[in-house]
Novice: 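Before I ask anything, here is the structure I am working with.
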Amino acid sequence: MRIISPDRPVIASDDKRQIWYKPFCRYIVSDYEAHYLLRHTAGTTRWTESSFNPYERRYGGQDLTGKKVCIYRHTAYGDQLMISAVPRYLKTLYPNSTVHLYCDPVILDMWSGNPFLDNSALPIPIPFDVATSYDYHIFYEGMLENNGEPDQNCCYDDFFGMVGLLDVPPSFKRPYLAVLPRDYEWVVKNKIDLSGKYMVYHTTPANKNRAYPPELGEYFIRMFLKEPKFIDWRVILVGKSEHGIEYGVEDPRVCNLVNKVSNFRDNIPIIERASLFVGPDSSFLHLAACFPDVVSVSLWGLFRPDDRAKYYPNHHPLFKPETCKFAPCHNHDFSLPLEKCVKASNWKDGQQYCAVLSNIRPQDIMQKLQEVL
């Protein structure tokens, strides 16, 4: 983590957020953020910069009674959901402690109502004087996206192990999210039917590399709709397609909400009331893990199921790495590592999706559903 201070106002903004850096104020930011800001304002802003290391008081399992803890995790809904296990466990152990979490403003709404964080997270950047006012720091900078080791642990074991908590019960190694009455406003307004039995299918994770090939996904959905065991079930498609992925399944039992739900929290009741969730390694899988009654069947390629979801209740993964000798490759990029992918036994020129995910047949998913439902 870095300490930075600009000599003029700086606004880092895009379509979703604005992050203000006030002049002459010292802020704590990640190494990546510091590099980005200094590079993109070169010639217009003079910055002072140094390391926060001498001031960091990393938490290491100490008694937190009456103490204050600052947690940092930048962005991504799935990452935030996974990190939510940490404040929940700390406040369960030490209810008289103060735990705050700082994150990107665009993610703040996900933390609304969270009782373990005074009902809300706080927006970055963290002022230097604020950071040094805490007794302990837990900075998850690069915790997930920089771990590409083949022998990596489950991320939950790493989250807790980093801060000296080595005997955390498995029941705490899953996401936590507070469901609020307002979360139901969108589905009520749009008359989304959440009654009876239905499957939620996630079509489009943020990283296309983790997506199940859409032609296989469509084939599976058609199989599901024809299966006598599920003849009374409905299907709700969810996700935001940033990759041109479209599902053309036209059926009165299918409700296609892809690109129609603008607020992440509006998806909460859709997942909470579902009888079944099917999808890849994504934020929706972690959202489903907040609700133990929801059966999840997950599809994996670049990562092992145990890398992310080892302790999830009611979770049934599908992972068939035999097609690729590099699987799981633990690749975090947004483009496939083609130098490895082309050596997979099922690779075809022009292929756009992970060979290991492509190795999961729609019939494999149906068989898994027959086993677990």
Novice: N267 side chain to F264 main-chain N or O, any donor-acceptor pair under 3.5 Å?
Specialist: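 Side chain of N267 to backbone of F264, a donor-acceptor pair under 3.5 Å: yes, one is there.
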Novice: Can you label the angle between the F277 ring and the H202 ring as parallel, tilted or perpendicular, going by 30° and 60°?
Specialist: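 Plane angle between 30° and 60°, so tilted.
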Novice: Would you say R273's side chain and S195's backbone share a donor-acceptor pair under 3.5 angstrom?
Specialist: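 Not confirmed, R273 side chain does not pair with S195 backbone.
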Novice: Would you say CZ of R182 has more than 12 non-hydrogen atoms from neighbouring residues, nucleotides or ligands within 6.0 angstrom?
Specialist: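 More than 12 heavy atoms, drawn from other residues, nucleotides or ligands, come within 6.0 Å of this atom.
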Novice: Looking at R304 and P150, would you say the former's side chain and the latter's main chain have a donor-acceptor pair under 3.5 Å?
Specialist: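 Answer holds: yes.
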Novice: Where do Y72 and E33 come nearest, in terms of heavy atoms and distance?
Specialist: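 Looking at all heavy atoms of both residues, the closest pair is OH-OE1, 2.8 Å.
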Novice: Tell me whether D79 contacts the main-chain N or O of A76 through its side chain, where contact means a donor paired with an acceptor under 3.5 Å.
Specialist: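 No, the answer is negative, given that no donor and acceptor are paired below the 3.5 Å cut-off.
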Novice: So with a 6.0 Å cut-off around CZ of R58, is the heavy-atom count from everything else above 12?
Specialist: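 Check fails, neighbour count at 12 or below.
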Novice: Report, as yes or no, whether the 6.0 Å neighbourhood of atom CG on D349 holds more than 12 heavy atoms from other residues, nucleotides or ligands.
Specialist: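 No, because the 6.0 Å sphere around CG of D349 holds 12 heavy atoms or fewer from other groups.
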Novice: Classify the angle between the aromatic ring planes of F224 and W233 as parallel (below 30°), tilted (30 to 60°) or perpendicular (above 60°).
Specialist: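 Correct class here is perpendicular.
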Novice: Among F116, W111, F291, find the one that has a ring pair (Phe, Tyr, Trp, His ring centres under 6.0 Å) with Y176.
Specialist: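 That would be F116.
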Novice: Before you tell me yes or no, could you show the steps for D157 and Y311 under side-chain hydrogen bond (donor to acceptor under 3.5 Å, both in side chains), namely the whole-Å CA-CA distance, both residues' side-chain angles and the distance that decides it to 0.1 Å?
Specialist: CA-CA 10 Å; D157 294 323; Y311 302 102; 2.8 Å; yes
Novice: Would you say the side chains of Y32 and H74 form a donor-acceptor pair under 3.5 Å?
Specialist: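 There is no such pair (donor and acceptor under 3.5 Å, judged by atom type) between the side chains of Y32 and H74.
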Novice: Go through H330 and F303 one step at a time and tell me if the ring-ring contact (aromatic ring centres under 6.0 Å, His included) criterion holds.
Specialist: CA-CA 5 Å; H330 295 106; F303 294 83; 5.4 Å; yes
Novice: Examine distances only and state if a side-chain atom of R308 and a backbone atom of Y156 form a donor-acceptor pair shorter than 3.5 Å.
Specialist: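 Not confirmed, R308 side chain does not pair with Y156 backbone.
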Novice: Can you tell me which residue among D158, D306, N147 is in a side chain to side chain donor-acceptor pair (under 3.5 Å) with N153?
Specialist: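 The side chain to side chain donor-acceptor pair (under 3.5 Å) with N153 is passed solely by D158 among D158, D306, N147.
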Novice: Could you give me the CA-CA distance, side-chain angles and deciding distance for E56 and Y136, then say whether side-chain hydrogen bond (donor to acceptor under 3.5 Å, both in side chains) is met?
Specialist: CA-CA 8 Å; E56 182 180 355; Y136 298 109; over 6 Å; no
